[in-house]
Amino acid sequence: MADKFTKQERSTIMSNVRNRNTAPEILVRRVLHKKGYRFRLHRKDLPGKPDIALPKHKKAIFVHGCFWHGHEGCSRGVRPTSNVEFWNAKIDKSILRDNKAVTCLKSLGWDALVVWQCQTSNLSELESILESFLHTGKVSPE
Ligand SMILES: [Zn+2]
């Protein structure tokens with residue numbers, strides 16, 4: 001059956017599907033689990049539905065894809081040079097939504113951490129990021 005969308009449109013639509021349970025997210029969960037932390041996933045009652053929530057610690061973790069969430073200064077976060085307006089609007093909207101979620105969480109007394117996809121490629125670095133967040137509540141500069 002013929003697709004009413006072109007191949008390019010279709011691939012854009014498909015990649016827009018918000019990815020739950022992505023590889024970086026699973027990696028973060030695995031590290032937390034190994035360290036004995038208890039967490040909940042995608043809690044709808046918290047601002048931004050954090051990918052991971054640690055209710056006991058009142059800490060929330062977002063695992064962001066560098067492209068979709070516009071990781072600044074990151075090679076994976078470089079914005080497309082065609083369809084510029086479309087992508088800028090889309091990515092800017094994500095950034096706005098992400099910032100709002102963190103602000104709302106803070107106002108509820110929660111700490112929030114953003115783990116970028118590119119930070120999950122180095123396991124020991126990822127472990128130390130998570131460890132320092134969970135111990136001190138310090139949020140990375142991004
Ligand atoms: Zn990145």
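Residue numbers count from 1 along this sequence. What you see below is based on every heavy atom in this structure, not just the backbone, and it leaves out hydrogens, waters and symmetry mates. When a ligand or atom number is given, it counts from 1 through the structure's own listing order.
A donor atom on one side chain and an acceptor atom on the other are found under 3.5 Å apart for Glu25 and His42.
Looking only at protein N/O/S atoms, the ones less than 2.8 Å from the Zn ion (ligand 1) make 4 in total.
Using a 4.5 Å heavy-atom cutoff, the side chains of Arg30 and Leu27 are in contact. Within the 4.5 Å cutoff, no side-chain heavy atoms of Leu134 are placed close to those of Leu113. A heavy-atom distance below 4.5 Å is not found between the side chains of Trp116 and Pro24.
Lys58 contributes a side-chain N or O that, together with a main-chain N or O of Leu108, makes up a donor-acceptor pair within less than 3.5 Å.
Using cut-offs of 30° and 60° for the angle between ring planes, the His64 and His69 rings count as parallel.
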